[in-house]
Amino acid sequence: MSKEIITKRITTRDIRLKKAGEPIVVLTAYTAPVARLLDRHVDMLLVGDSLGMVLYGMETTIGVTLDMMIGHAGAVMRGSQRACVIVDLPFGSYQESPRQAFRNAARVMAETGAAGVKLEGGGEMAETIQFLVSRGIPVLAHIGLTPQAVHAMGGFRAQGRAEEDAVRIRADAHAVADAGAFGVVIEGTVEPLARAITGEIAIPTIGIGGSPACDGQVLVTEDILGLFGAFTPKFVKRYADLSGAIDEAVERYAADVRARSFPGPEHCFGMPKPTEP
Ligand code: KIV
């Protein structure tokens with residue numbers, strides 16, 4: 001029997017040191033079995049609040065709760081042993097004040113063992129990021145298209161096209177970097193701006209609908225596997241069609257059950273073998 005090698009987990013410091021180095025590979029994970037499959041391929045697993053839409057069928061991420069995030073983050077931690085696991089703070093769990101953010105981020109860290117939290121927002125979140133980081137909670141920032149602000153933004157649309165938006169997003173990137181975030185997700189932001197920000201700030205940028213020049217890339221795993229069809233943004237590349245594979249497998253199972261060809265003797269306890277003709 002081969003002995004399983006327990007490797008040390010990648011830390012937020014390791015991620016931070018990857019700035020301008022080999023690209024950082026990030027995928028979302030919400031469950032233990034998926035985390036187990038992704039673990040050896042990625043640097044970071046993000047327990048994203050996108051799970052509200054992908055797993056729970058919600059229309060936005062706004063209804064996701066802290067308890068949901070903690071439950072899924074615990075599962076991802078149990079399923080992985082190498083990747084750096086970062087957990088989204090859901091809407092309403094951190095925007096009120098730095099103290100509220102600390103209280104909830106501390107719960108995530110203590111109850112799951114994850115390496116840090118992600119929160120959405122730029123300049124307006126700088127004080128909170130500084131508060132968390134100075135108290136031992138690594139923070140991954142998230143700027144550009146911020147899905148928790150979907151109603152305020154008037155829908156999911158690319159950010160940074162207008163000059164004033166570009167100026168604000170650039171200022172957001174500098175503000176979260178200066179506040180001590182170990183990295184920043186840049187989502188749904190015009191390519192030249194994501195590229196320029198990557199060249200300007202000292203922390204890694206993780207693009208999703210950003211730029212190939214970003215220091216890393218993140219996508220939702222169900223999107224790349226063809227498992228989530230409700231909405232496919234332009235920035236998703238599909239690497240497999242698991243929906244098709246599932247459909248075919250379930251069709252065969254249903255046909256077997258209806259034909260009484262499943263279960264067979266090999267799936268039953270004490271079933272007499274069919275007699276030879
Ligand atoms: O919630 C999420 O999964 C995310 C990533 C897509 C960046 O925030």
Side-chain angles (χ1 to χ4, degrees), residues 12 15 23-31 34-35 38 42-66 68-73 75-76 83-95 105 108 112 114-122 125 129 139-150 153 156-159 169 172-173 176 181-189 194 197-198 203-211 214-225 227-228 230-239:
T12 56
I15 301 287
I24 302 162
V25 181
V26 188
L27 279 171
T28 58
Y30 316 128
T31 65
V34 170
L38 305 183
V42 302
D43 300 300
M44 190 152 77
L45 287 172
L46 174 66
V47 188
D49 63 354
S50 51
L51 62 79
M53 299 167 77
V54 176
L55 295 188
Y56 289 84
M58 296 173 170
E59 269 185 24
T60 70
T61 57
I62 291 175
V64 174
T65 66
L66 192 65
M68 286 161 75
M69 295 308 301
I70 288 174
H72 286 280
V76 169
C84 178
V85 175
I86 300 298
V87 184
D88 260 345
L89 289 181
F91 181 70
S93 71
Y94 63 94
Q95 290 93 342
V108 170
T112 72
V117 298
K118 174 164 84 58
L119 55 81
E120 296 183 11
M125 280 299 141
I129 293 172
V139 176
L140 179 63
H142 183 157
I143 61 169
L145 194 166
T146 47
Q148 291 176 13
V150 58
M153 289 186 310
F156 296 102
R157 64 185 80 236
Q159 303 293 301
I169 293 169
D172 283 342
V176 300
F182 73 86
V184 56
V185 170
I186 304 181
E187 177 166 356
T189 296
I197 289 171
T198 300
I203 58 172
T205 57
I206 312 290
I208 171 164
S211 165
C214 286
D215 299 296
Q217 302 293 331
V218 58
L219 283 175
V220 169
T221 298
E222 282 74 0
D223 281 340
I224 71 164
L225 298 181
L227 271 173
F228 181 63
F231 170 63
T232 309
K234 174 184 167 71
F235 51 72
V236 168
K237 179 171 175 183
R238 192 159 278 186
Y239 288 84

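Order of listing sets the numbers, starting from 1, for every ligand and every atom in it. Computed from a prediction, not measured in an experiment: that's the story for all the values here.
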Worksheet item: Do any pairs count as a salt bridge (Lys or Arg N to Asp or Glu O under 4.0 Å) and have a residue in residues 84-95, sequence neighbours left out, and if so which ones?
Response: Asp88-Lys118
Fill in: Partner residues of Thr205 under the side-chain hydrogen bond (donor to acceptor under 3.5 Å, both in side chains) criterion, sequence neighbours left out
Thr198, Asp215
Worksheet item: Okay, side chain of Thr189, backbone of Glu187: is any donor-acceptor separation there less than 3.5 Å?
Response: yes
Give one line per pair: atom of ligand 1, protein atom, distance. Only N/O to N/O under 3.5 Å.
from	atom 1	to	atom 2	distance (Å)
ligand 1	1 (O)	Asp49	N	3.2
ligand 1	1 (O)	Asp49	OD1	3.0
ligand 1	1 (O)	Ser50	N	3.0
ligand 1	1 (O)	Ser50	OG	3.3
ligand 1	1 (O)	Asp88	OD2	3.1
ligand 1	3 (O)	Ser50	OG	2.5
ligand 1	8 (O)	Lys118	NZ	2.9

Practice prompt. Measure from the side-chain N and O atoms of Gln217 to the backbone N and O of Gly209, and report whether any donor-acceptor pair falls under 3.5 Å.
Written response: no
Practice prompt. Would you check if the side chain of His72 reaches a backbone N or O of Tyr30 as a donor-acceptor pair within less than 3.5 Å?
Written response: yes
Worksheet entry | Non-neighbouring partners of Thr31 that pass side-chain hydrogen bond (donor to acceptor under 3.5 Å, both in side chains), sequence neighbours left out | none
